[in-house]
Amino acid sequence: AAEAAEAAAAAETAADAEAAKAAAAAKTAAAAEARGRYTSLLTSLRSECEAAAADEQLLTLMSAHLGHQESLCGRADAAALETLGSLADEVVALIDRTALAAAYGVMADKEDKAQAKARKKDDAKKSALVAALHTKAVALADLHAIDPTTHPLACLDAAVALLHQWASPSDHIKLTCRWHKAHSRAATAMSALAASLDKEKGPPSKDSVEMQLELMEALGWAHWASAGKAALLVKFPPSYPLVFSQLTS
């Protein structure tokens, strides 16, 4: 009887393993099919935009695609990060930066509907440009962290410099801090982060506090970093207790 029970248990375990394997295979196949449909639709829409010379629609399409790919990109996957950087370059190439800079060189008359409409379009182009440049810079920062030899700081410096032509360092403070830290300028990064936090009306986010702790460790302030990590668990607990205990009769 014991042997029969063991055999039945082993058979059930094997059946469960096979079911799990089949479910995983089905999930992988479904994901591959979804990616295929997405790629096919993207290619079709892009071709239509290019054929119709619909530059604004093409920029909107590729910017959305870039954001989608960024959300799926593994930050430790060098190949995926390189692909993401190349895609960001494609989005940047869709924007005439010289014409955009010239548009912001003069004040737009808000009372003039044509100028107001043109400025609104320029604002959309600038937002797409800044987002793409930021994506490229963050990807290069991640690549430098993975392999500093293959992806030297000079590449990150060039990307950050280009981004700073269109956006203030305080607009992307996390990247700014990472850039300074990569250059062993932890004190400068700490100063920039503190200035950014001073401008915020609410309490600092968990990401900001964790960045502060990283910079404290880089500066050798181990005691402050240790105290901050202990306080982090109090300020941002993994879970909260129920407000009311369950009533029992």
Side-chain angles (χ1 to χ4, degrees), residues 20-104 114 117-147 150-152 154-167 171-172 174-175 178-179:
K21 185 184 295 185
K27 185 177 181 180
T28 301
E33 183 181 357
R35 285 195 299 270
R37 291 199 303 268
Y38 176 87
T39 302
S40 177
L41 179 59
L42 175 67
T43 302
S44 175
L45 291 174
R46 182 171 184 174
S47 298
E48 290 180 10
C49 290
E50 291 175 345
D55 297 337
E56 293 178 15
Q57 289 79 359
L58 179 59
L59 177 59
T60 300
L61 173 67
M62 296 308 297
S63 295
H65 176 52
L66 176 61
H68 175 65
Q69 293 302 110
E70 184 177 21
S71 68
L72 298 176
C73 183
R75 308 316 297 190
D77 187 341
L81 289 168
E82 290 176 352
T83 301
L84 185 65
S86 298
L87 181 57
D89 288 337
E90 289 185 31
V91 174
V92 172
L94 295 174
I95 302 171
D96 187 342
R97 286 175 285 167
T98 301
L100 187 60
Y104 282 102
K117 185 177 181 180
R119 178 50 56 92
K120 187 176 181 179
K121 291 182 178 180
D122 291 334
D123 288 342
K125 291 179 182 179
K126 182 180 178 182
S127 295
L129 175 61
V130 170
L133 293 175
H134 179 266
T135 297
K136 175 67 178 290
V138 173
L140 288 173
D142 290 335
L143 286 169
H144 176 72
I146 295 172
D147 188 353
T150 306
H151 305 280
C155 296
L156 176 59
D157 291 344
V160 170
L162 185 56
L163 175 60
H164 285 175
Q165 291 179 4
W166 296 95
D171 291 341
H172 43 267
K174 187 174 181 179
L175 171 62
R178 290 187 64 186
W179 175 55

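Small disclaimer: the values here were computed from a predicted structure and weren't measured.
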**Q** Search all heavy atoms of Ala141 against all heavy atoms of Leu156 and return the closest pair with its distance.
**A**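 Answer, listing the atom of Ala141 first, then Leu156: N-CD1, 3.9 Å.
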**Q** Taking Tyr104 for the side chain and Arg119 for the main chain, is one N or O donor matched with an acceptor at less than 3.5 Å?
**A**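 The answer is no, because no donor-acceptor pair under 3.5 Å joins these two groups.
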**Q** Look only at the side chain of Ser63 and the backbone of Thr60, and say whether a donor-acceptor pair between them is shorter than 3.5 Å.
**A** no
**Q** Just to verify, what does Asp142 make a salt bridge (charged side-chain N to carboxylate O under 4.0 Å, His left out) with, not counting sequence neighbours?
**A** Arg75, Arg178
**Q** Quick one: pull up CD in Glu70 and NE2 in His134 and give me the separation to the nearest 0.5 Å.
**A**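 So the CD of Glu70 and the NE2 of His134 are separated by 7.5 Å.
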**Q** Using 0.5 Å steps for rounding, measure from the CD1 atom of Ile95 to the CG atom of Leu100.
**A**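 Those atoms lie 7.0 Å apart.
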**Q** Atom CG of Leu162 and atom CG of Leu129: how far apart are they, to the nearest 0.5 Å?
**A**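 Taking CG in Leu162 and CG in Leu129, the distance rounds to 7.0 Å.
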**Q** Closest approach of Leu81 and Cys73, non-hydrogen atoms and distance?
**A** CD2-SG, 3.6 Å
**Q** Applying side-chain contact (heavy atoms from CB on, under 4.5 Å), name anything that partners Gln69, two or more places apart in sequence or on another chain.
**A** Tyr38, His65, Leu72, Leu84, Leu87
**Q** Is it the case that the side chain of Arg97 and the backbone of Val92 share a donor-acceptor pair, with hydrogens and angles ignored and the cut-off at 3.5 Å?
**A** no
**Q** Please name the pair of heavy atoms, one in Ala137 and one in Leu175, separated by the smallest distance, quoted to 0.1 Å.
**A**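 In this case the closest contact between Ala137 and Leu175 is CB-CD2, 3.6 Å.
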**Q** Between CG of Leu133 and NZ of Lys126, what distance do you get to the nearest 0.5 Å?
**A** 11.5 Å
**Q** Work out which heavy atom in Glu50 is nearest to a heavy atom in Leu58; give both atom names and the distance.
**A** CG-CD2, 4.0 Å
**Q** Can you check whether Leu61 reaches Leu42 side chain to side chain, under 4.5 Å on heavy atoms?
**A** yes
**Q** With sequence neighbours excluded, give me every side-chain hydrogen bond (donor to acceptor under 3.5 Å, both in side chains) pair touching residues 80-93.
**A** Arg46-Glu90, Glu82-His151, Asp89-Lys136
**Q** Take Val130 and Asp171, measure what side-chain contact (heavy atoms from CB on, under 4.5 Å) needs, and give me the verdict at the end.
**A** CA-CA 10 Å; Val130 170; Asp171 291 341; over 6 Å; no
**Q** Find the distance between CG (Leu59) and NZ (Lys121) and round it off to the nearest 0.5 Å.
**A**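 One finds 12.5 Å between CG of Leu59 and NZ of Lys121.
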**Q** Is a side-chain N or O of Thr43 found less than 3.5 angstrom from the main chain of Thr39, in a donor-acceptor match?
**A**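 Confirmed, Thr43 side chain pairs with Thr39 backbone.
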**Q** In Å, rounded to the nearest 0.5 Å, how long is the span from NZ of Lys120 to CG of Asp122?
**A** 12.5 Å
**Q** Using modelled atom types only, decide if a donor and an acceptor are shared between the side chain of Thr135 and the backbone of Ala131 within a distance under 3.5 Å.
**A** yes
